[in-house]
Amino acid sequence: MTNLKNLRGMVDLLPEQSQCWQKVESIALEHFSRAGLKEIRTPIIEQTELFARGIGENTDVVGKEMYNFNDRGGRSCTLRPEGTASVARSIVQHGLLNNGPQRLWYKGPMFRYERPQAGRQRQFHQIGVEFVGLASVMSDAEVISIAWDFLKDVGLNDLTLEINSLGSNEDRSVFKKELQDWLNKRFDLLDEDSQKRINFNPLRILDSKINSTKELLSEAPSLKDFLSNKSKTRFDYLQEMLAKLKIPFRINNNLVRGLDYYSHTAFEITSDQLGSQATVCGGGRYDGLISELGGTQTPSIGWAIGMERLIILAGDKLLQTKSPDVYVIHRGEKAEQLALEITCQLRSSNLTIELDYSGSSFSKQFKRADKSKAKWALVIGEDEASKGHLLMKKLRDKQHDEDSKEYIFSKVDLDQLIKKLID
RNA sequence: GCGGGCGUCGCCAAGUGGUUAAGGCAGCGGCUUGUGGCGCCGCUAUUCGGGGGUUCGAAUCCCCUCGCUCGCCCCA
């Protein structure tokens, strides 16, 4: 038991798991590049103000979950709790929109100081997509379909796409007043959290999980009745397009999402296999964010997928233990050099190869070779070393009857032999 | 921040007050000094997350603490 341990909520990604991650990331990269997206990488640390303004002072994320600290120059810094604000900042700062709309993706660690539980860590990883400078409903549909196709391709089934429209900012502010009035009249019937939220974040009350509040809210004014015709048409059109793309969805009028910057389309992809943290992908339109950060009014939409949750759902579908093609066995001083030389030579021919360093008996080394599930054992002993010969032996898997095949050859024939034996 | 459950070897675990803390997997060594998959034999926790206390005696009881885990809030 070591006394040095990782911090709470910070998780090591062990070799077995990292293979899954690589697989997922490569699938993602393929999807993104086919969709014409480019990657953007932004720093993990930003000015605290970026998130306070971008995400919203009154959100839980900003209010109680951020890792803040002052650097040596006394600047207030924050470990990014999400990716969108940083991407938006970068776009504004570098004037990327002068080159037209930006279709971007990113991935990396995010930090939120919360109590860890299934599907939730303090350092977690998101992979996300942002379409910045595009207003068309088509972009909403395309962005959603990129997420959907990607998740499907990773092998996830039983996913549910929920969508909602939060309307324009104007729609929402009218509704907000109406809702506040309605709620204030019933103040005493609300749970404590909801009472606190009336003034600064009434929309979130709609999302309450408290049963009594839920019941009360069934009578409350609904945002969908406050959508302007334009907003409604927009939402209808999105549904039409999703149907055309054969992406099944469900309308959830209570889907509000916790970050302030969303407007119009909001969506979530959930799974019932994740425990209580059911959301694997969340996103929406954020037409106000870029201007909030000092840019010009720029319509944008994006989403983020939680890698850890995705990996949980993918389960062992992605587990693919790579076994070596060749396991190099050697014994004796002369053999040592030759073994290393050959090992490195084989690597350059694109093979997975493992060199035994134990120096123990051939018997032991063969046992290990077998355990590694290698296809071939390359044997170099004193004899081979002194004669400049190599012995390649086929390792059988579980077939007792088959005779083992051995090939003796000289060093210079190695590449040719390999080509012949391994495909 | 608030609740519930749990912490015995790298992993899975038995043990619930009494002399040396089962077992399995993995690891290492041997049977077999140059040939594997099977088998057999041996080795691997002075110690039960940490710290106090109760007791003649504690992994087992009590207190504190740390950590893990599940849920609430919220989010990916």
Side-chain angles (χ1 to χ4, degrees), chain A residues 1-3 5-11 14 16 55 58-66 81-84 107-128 147 151 191-194 196-197 201 204 207-210 255-259 267-271 274-283 302-313 327 329-332 335 356 358-374 376-385 391 393-400 402 404 406:
Chain A
M1 184 66 67
T2 51
N3 40 10
K5 297 181 66 182
N6 56 317
L7 251 17
R8 175 153 221 218
M10 309 285 171
V11 178
L14 270 13
E16 203 185 329
I55 301 173
N58 292 324
T59 58
D60 283 1
V61 169
V62 173
K64 56 180 201 188
E65 294 172 2
M66 294 206 300
E82 56 107 51
T84 304
K107 68 163 191 229
M110 308 293 165
F111 303 84
R112 259 121 96 161
Y113 193 90
E114 298 181 271
R115 196 92 182 248
Q117 72 187 70
R120 168 186 293 164
Q121 300 164 190
R122 287 183 174 178
Q123 176 178 336
F124 62 104
H125 297 78
Q126 289 186 334
I127 189 157
L151 293 172
D191 62 275
E192 210 181 312
D193 276 342
S194 296
K196 278 187 220 155
R197 283 193 179 125
N201 207 344
R204 195 87 67 73
D207 210 14
S208 172
K209 271 87 183 173
I210 311 283
L255 180 63
V256 182
R257 307 197 50 72
L259 313 180
F267 63 94
E268 267 183 21
I269 299 174
T270 58
S271 163
L274 272 176
S276 67
Q277 308 306 321
T279 307
V280 64
C281 173
W303 51 252
I305 282 175
M307 277 294 282
E308 284 80 2
R309 291 181 188 177
L310 169 52
I311 299 281
I312 291 171
L313 289 175
Y327 191 95
I329 288 171
H330 66 95
R331 195 154 166 80
D356 195 304
S358 69
S360 47
S361 69
F362 273 97
S363 170
K364 288 290 167 200
Q365 293 195 60
F366 266 101
K367 274 186 180 159
R368 271 191 289 270
D370 193 64
K371 187 155 271 176
S372 79
K373 296 192 176 123
W376 295 86
L378 181 59
V379 185
I380 307 170
E382 296 282 9
D383 287 356
E384 286 83 0
L391 173 67
K393 179 170 176 169
K394 176 92 176 151
L395 295 171
R396 287 170 297 168
D397 22 11
K398 304 265 155 63
Q399 285 147 357
H400 296 255
E402 192 186 310
S404 64
E406 292 190 0

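Within every chain, numbering begins at 1; the chains are lettered A, B, ... in the order of the sequence lines, protein sequences first and strands thereafter.
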Q: Identify whether NZ of Lys or CZ of Arg in R122(A) sits under 6.0 Å from the centre of the six-membered ring of Y113(A) and within 45° of that ring's axis.
A: yes

Closest of G30(B), U35(B), U69(B) to the R8(A) side chain is U69(B)

Whichever of M10(A) and R122(A) has the more 5' nearest nucleotide on RNA chain B, that residue is M10(A)

Closest to the side chain of K367(A), out of A76(B), G36(B), G29(B), is G36(B)

With the criterion being N/O to N/O and under 3.5 Å, what pairs connect the protein with nucleotides 1-4 of chain B, and how long is each?
unit_1, atom_1, unit_2, atom_2, d
C2(B), N4, R115(A), NH1, 2.7
G3(B), O6, R115(A), NH2, 3.3

Q: Using a heavy-atom cut-off of under 4.0 Å over every strand shown, decide if G119(A) touches base, sugar-phosphate, or nothing.
A: base

Just wondering, do F362(A) and G34(B) stack (centres under 5.5 Å, planes under 30°)? yes

C1' spacing across the pair G5(B) / U47(B), given as an integer number of angstrom: 25 Å

Pairing partner of G1(B), by Watson-Crick or G-U wobble and under 3.5 Å for both distances, is C72(B)

Q.
Cation-pi check for W376(A) against K393(A): NZ or CZ below 6.0 Å from the six-membered ring centre and within 45 degrees of the axis, yes or no?
A. no

In whole angstrom, give me the gap between the P atoms of G67(B) and G51(B). 16 Å

query: U44(B) and C62(B): how far apart are their C1' atoms, nearest whole angstrom?
result: 35 Å

Side-chain atoms of P116(A) come closest, of U69(B), G36(B), A76(B), to U69(B)

Look at R197(A) and C74(B) and indicate whether a side-chain polar atom (N or O) is within less than 4.0 Å of OP1 or OP2. yes

Taken in chain and number order and not counting sequence neighbours, the residues that satisfy salt bridge (charged side-chain N to carboxylate O under 4.0 Å, His left out) with E114(A) are R120(A)

With the side chain defined as heavy atoms from C-beta on, K5(A) is closest, among G67(B), G27(B), U35(B), to G67(B)

Short side-chain N/O contact from Q117(A) to OP1 or OP2 of C70(B), under 4.0 Å: no

### Query
Between S363(A) and G34(B), does any side-chain N or O lie under 4.0 Å from OP1 or OP2?
no

Per atom distances to the T279(A) side chain, the nearest of C73(B), G34(B), A76(B) is A76(B)

Quick note, E384(A) side chain, CB onward, closest among G36(B), A76(B), G34(B) is G34(B)

